Number of protein chains: 2
Amino acid sequence: MRIALLGGTGDIGEGLALRWAYHTDHDVVIGSRDPERAREKADEYETELSSRGRDRKVNGFVNEMAADRAKVVVLAVPPYHVADTVEAVADSLEDGDVLVTPAAGVKREDDGFHYHPPGAGSVTQLVADAAPDGVSVVGAFHNLAAGRLANLDAELGIDTLLVADDPDAKETVRLLAEEIEGLRALDAGGIGNAAEVESVTPLLINVAQNNDGMHDLGVRFE
Amino acid sequence: MRIALLGGTGDIGEGLALRWAYHTDHDVVIGSRDPERAREKADEYETELSSRGRDRKVNGFVNEMAADRAKVVVLAVPPYHVADTVEAVADSLEDGDVLVTPAAGVKREDDGFHYHPPGAGSVTQLVADAAPDGVSVVGAFHNLAAGRLANLDAELGIDTLLVADDPDAKETVRLLAEEIEGLRALDAGGIGNAAEVESVTPLLINVAQNNDGMHDLGVRFE
């Protein structure tokens, strides 16, 4: 399967790109608004993988071209760029493609980090509203600490939560998630449940900031 | 220390009462709106503890009397009774007492369980607004599955999150939490961060409902 990481030059995109390229044989392409930047980062990831004995080709393209080439398209961009990014790549998506959204609306305030969803109720719902007909949306990978994900020496041992209204799309993403070593994918229901999933992101930051020795946190349901 | 569990005849109250009476030497008193019911349940807890070789006295009182006797008062009542309960016991609380609130505003809707905070922004903030001057409020124990907590054979191995604006009160509750075997208390910051903590409660229900073999879930930060 080919996976495009739009915003794949950023931190969560880097982590997912490295993990999929390292642990699976899926074809990973990096997207960016700046194709030059996409190619540079793709080269960096190839070098990192190669240093670990994994000789993988990672290509970099402008977002539209990356989305055009992939069946699963991950919107690894900040929440305020999500809607624009979906719009920019809409014509590159085909019936049956899957859009994956890991973003959460997080606002830093004086007393801590808080969940601030967009008007649609959640970032996942915002993406679902903006997605072209025939393209399914899955919320996933919200609660992965970017630094830990991008460090292939770091063991994960954590869960990620999936929300989607299309069971086939959810299953596709579940399998991709579980192919990452140490990651367990759990079903949190439909897109109507996305706000509770996305709220974990600011919570993880608050817990990390208030407890000595805890950083790059993930969560495990037990 | 003496701990009062208001609503200590209900499921989360039962679990906390049994765990503290079993694992610690703190004095545990059960509160209810109905003193007869409080005494009945206190007797049940004594029997359960005694069957495990722990001969502990557990007393049951009407909420006001239970609160009057304790330094730490846990509001183990449903979220829609929280404000009334604080009002009912306000005259029984003294300067330096600590009110602990484990309730979360959870609403069952067609597509899943959702976080519906009261107008104050969170149940913890609602309690803080209603608490008498000189009484500190700590949000804690939101994310403990009641059935698992009340089953002394069940290992916990999970975390609970604390929010409070008074560091001394938070420390008092942290110590009480960590005296329960298998429970780790983590600091999630001030009461302004309570909504993200309380949102975990509906999330746990959604995850339990959508994944085979998962029930009575807790959460661990790793």
Side-chain angles (χ1 to χ4, degrees), chain A residues 104 106 109-117 121-122 125 143 145 148 155-159 161-165 167 170 174 182 184-222, chain B residues 104 106 109-117 121-122 125 143 145 148 155-159 161-165 167 170 174 182 184-222:
Chain A
V106 176
E109 294 178 317
D110 284 348
D111 51 356
F113 287 79
H114 298 143
Y115 181 51
H116 276 257
S122 66
Q125 186 61 57
N143 56 318
R148 186 165 162 193
E155 287 187 21
L156 295 179
I158 54 173
D159 295 332
L161 298 164
L162 308 179
V163 283
D165 292 335
K170 193 192 271 179
R174 190 187 70 77
R184 180 175 65 165
L186 295 176
D187 187 347
I191 290 178
N193 294 347
E196 285 75 21
V197 172
E198 297 177 11
S199 296
V200 175
T201 304
L203 178 62
L204 288 171
I205 305 173
N206 290 335
V207 172
Q209 291 206 328
N210 285 284
N211 296 275
D212 288 341
M214 302 195 88
H215 49 85
D216 277 354
L217 286 182
V219 76
R220 196 157 171 92
F221 293 81
E222 292 186 348
Chain B
V106 175
E109 295 178 316
D110 284 347
D111 52 354
F113 287 79
H114 298 145
Y115 181 51
H116 276 256
S122 67
Q125 185 61 58
N143 56 318
R148 186 166 164 190
E155 287 187 20
L156 294 180
I158 54 174
D159 296 333
L161 298 164
L162 308 178
V163 283
D165 292 336
K170 193 192 273 180
R174 190 186 71 76
R184 180 175 65 165
L186 295 176
D187 187 347
I191 290 178
N193 294 347
E196 285 74 22
V197 172
E198 296 177 12
S199 298
V200 174
T201 304
L203 179 62
L204 289 171
I205 305 173
N206 291 334
V207 172
Q209 292 207 326
N210 285 284
N211 297 275
D212 289 341
M214 301 195 88
H215 49 86
D216 278 354
L217 286 181
V219 76
R220 199 159 169 92
F221 292 82
E222 291 186 349

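None of these values were measured; they are calculated from a predicted model. Just so we're on the same page: letters track the sequence lines, and every chain starts at 1.
One finds the CD atom of A:E222 at 7.5 Å from the CZ atom of B:R148 (value rounded to the nearest 0.5 Å). Residue A:E109 holds its CD atom at 9.0 Å from CG of B:N193, rounded to the nearest 0.5 Å.
When all heavy atoms are compared, the tightest approach of A:S199 to B:E196 is O-CG, 4.0 Å. Between A:M214 and B:L186, the closest heavy-atom pair is SD-CD2, 3.5 Å. Between B:A188 and A:V207, the closest heavy-atom pair is CB-CG2, 4.4 Å.
Using a 4.5 Å cut-off on side-chain heavy atoms (C-beta onward), A:L203 and B:L161 make contact.
Listed for the A:D187 side chain is no donor-acceptor partner under 3.5 Å among the backbone atoms of B:N211. In this structure, the side chain of B:H114 engages the main chain of A:G192 through a donor-acceptor pair within 3.5 Å.
The contact between B:V219 and chain A is made by backbone and side chain atoms together, counting heavy-atom distances below 4.5 Å. Looking at A:V200, only its side chain comes within 4.5 Å of chain B, counting heavy atoms on both sides. Within the 4.5 angstrom heavy-atom criterion, only backbone atoms of A:D216 (N, CA, C, O) approach chain B. With a 4.5 Å cut-off on non-hydrogen atoms, B:L217 touches chain A through its backbone and its side chain both.
Enclosure of atom NE2 in A:H215 is not indicated, since only 12 or fewer non-hydrogen atoms of other residues, nucleotides or ligands lie within 6.0 angstrom.
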